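Here the structure comes first, spelled out in structure tokens, and everything after it is commentary.
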Amino acid sequence: MEEIKKEEEKSLNFLEEIVEEDLAAGKYKSILTRFPPEPNGYLHIGHSKSIVLNFGLAQKYGGKTNLRFDDTNPVTEDTEYVESIKEDIRWLGFEWANEFYASDYFEQLYLFAEDLIGKGLAYVDDSSAEDIALMKGTPTEAGTASPYRNRTVEENLQLFRDMRAGKYRDGERVLRAKVDMSAPNMQLRDPIMYRIKHAHHHRTGDAWCIYPMYDFAHGQSDSIEHITHSICTLEFVSHRPLYDWFIEKLEIYPSRQYEFARLNLNYTVMSKRKLLQLVNKGYVTGWDDPRMPTISGLRRRGYTPESIRMFADKIGVQKRENLIDVSLLEFCVREHLNKVALRRMVVFDPLKVVITNYEQEEEWLPSEDNPEDAATGHRKVPFSRELYIENEDFMEHPPKKFFRLSPGQMVRLKSAYVIKCDEVIKDAAGKITELRCSHLPESKSGGAQSNIKVQATIHWVSIPHAITAEVRLYDRLFRVDDPANEEADFSEYINPDSLQVLPAAYAEPALRDAKFNEHYQFLRKGYFYLDKDSSEEKLIFNRTTTLRDTWEKEKKKDRPNQEK
RNA sequence: UGCCCAAUAGUAUAAAGGUAGUACGUCAGAUUCUGGAUCUGAGUGUCUUGGUUCGAAUCCAGGUUGGGCAACCA
């Protein structure tokens, strides 16, 4: 028993291992992580990996997580983003211990800087940005010292205070750390700590005209909060020696940085810059366009927090570059929605069926809301003499493996009767306009003799009772696997058919009461979610994802044969 | 002739010197009042060359490949 249990235990990822070792060694009483977004854009599915990691790690080991906005660059940041970020994190199901801002620490950071100046470890540089870049050297050549590198402590202090006092224009001077201009790691070649920006900050307003750089804000903020494990993405690996250098020289709480590989998903892009371009250039309708990989886009499309957390859990955490198949994300959302979505019938592309031997006016037949969940009940679906079925559910000349309706053949109408196709009506052009069918009264669902064997069950809608709804079908936003790594600009690879709008699908009347807290499965069609563009007069549904469709695959296999 | 990180099925992710496993995807079958779900089965993998060892995905060395680093961005 003990052994079996062990085998079932999920193995730890490398960060969990580090945390367990630290805890076992008594290095910390409890852990404190942080999620540090810059409020300059909306959160995307990649961030959810980091959110689940940071909050999940703390949850698992009885620690806490701070939310800290990394707002050190006033020109790109905005409170609009702060609000959306908070909403998205909460929606994903996490709550932070503290809400902090790097800008809360501006005064402390400033004092840290003066401390380093006093220790002779920072200096004010009057060089232009170009000159600084030039003197930085290249990866293979050492940098050269700035002519201002050896100013006295007093002079540096005065100059830095003058910078703060607003005596200089943007770009006129910077404060630099005095590390090592010939370090093989370029991050260590006297990195800039402060720059002058006479810009309005979303929180501190005009109180400051100098702002710390990431490297002189992030690690210090971690330290101030006593973050134990500061988890970031791989591109910061080369910053870690600097992260540690500042902490060591400042003699402050030693937070430690660990890096993992960011999430990449195929058939989409993940950088904020590229997502912003999609929005600004009108390729999508906004940050919450259901085709966007943003949290808000996925939410609008009908993804659930559970499905995204499951996804984050399944992809794991490692240090190698990855490109994850969207089919895994789709699997996760189907897995969850299958258990919670209410079943409804909607016909997208109607074909009229008349039940010639049906004499009643109407019947309201019970149909299960969710066969996966016994706790859910049934709703009543109206049946009448004239129905719509899906055009593709009928073929006049069916191939061998076609199980649905064709002349002389029978199918079951879900939760209703078995019908037989007796006659195909066509217009002058030869187009099929209507099917004449007869029903088997004794085959009524739930009846004593209802277990007649037919090859297929299809969905349908009663014409006199049907309501209409707009349906928006989404496909991948890009035609290629990895648009960011193609030769041409990523916008060249946008899928022109990523959105297909059906202005008027025919739905059973129960959908009139569709709500935002419910997810729906349109039988045999996919999972759908009410869109925010809906109004009293007009229902609009987004397709979250299709159902798995083995018939679609079968058709593709047959296609070459049919061409012969 | 720089520094750093990484490399296991198609995609991810385990195996901490001792039988290469899991998930998604793919394929086949069973079942089904959703061609869904469910169930069963199949196939595919340790970047390379040496070394250490009774034994290497794992340790060592060289190579190869991919990624990051030269923003007053984060």
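Reminder, nothing fancy here: chain letters follow the sequence lines and each chain counts from 1. Quick caveat, the model's predicted, so the values are computed rather than measured.
Across all strands, A:Arg412 comes closer than 4.0 Å to base atoms (heavy-atom distances).
The ring of A:Trp551 lies on top of the base of B:G35, close enough and flat enough: under 5.5 Å between centres, under 30° between planes.
Here B:A7 sits opposite B:U64 as a Watson-Crick or G-U wobble pair (both hydrogen-bonding atom distances under 3.5 Å). For B:A20, there is no paired nucleotide, since no Watson-Crick or G-U wobble pair has both relevant distances below 3.5 Å. A 3.5 Å limit on both hydrogen-bonding distances identifies B:G2 as the Watson-Crick or G-U partner of B:C69. Across all strands shown, B:G25 forms no Watson-Crick or G-U wobble pair with both key distances under 3.5 Å.
Between the P atoms of B:G66 and B:A23, the separation comes to 32 Å (whole Å). Annotation: B:A7 and B:G45 have their C1' atoms spaced 13 Å apart (nearest Å). For the P atom pair drawn from B:G10 and B:C69, the interatomic distance equals 29 Å after rounding to whole Å.
Taking only side-chain atoms of A:Met213, from C-beta outward, the nucleotide of B:U32, B:A14, B:C72 with the closest atom is B:C72. The side chain of A:Asp325 lies closest to B:U11, out of B:U11, B:U34, B:C5.
A:Leu234 is listed as a side-chain neighbour of A:Glu321, based on a closest heavy-atom distance under 4.5 Å.
At least one side-chain nitrogen or oxygen of A:Gln318 sits closer than 4.0 Å to the OP1 or OP2 atom of B:A14. Between A:Arg343 and B:U34 there is no side-chain N or O to OP1 or OP2 distance below 4.0 Å. The side chain of A:Arg524 places no N or O atom within less than 4.0 Å of a non-bridging phosphate oxygen (OP1 or OP2) of B:G36. Contact annotation: A:Lys197 reaches the phosphate of B:C73 (side-chain N/O to OP1 or OP2, under 4.0 Å).
The backbone N or O of A:Asp190 sits less than 3.5 Å from a side-chain atom of A:Arg176, completing a donor-acceptor pair.
Between A:Glu368 and A:Arg343 no salt bridge is recorded (no basic side-chain N to carboxylate O distance below 4.0 Å).
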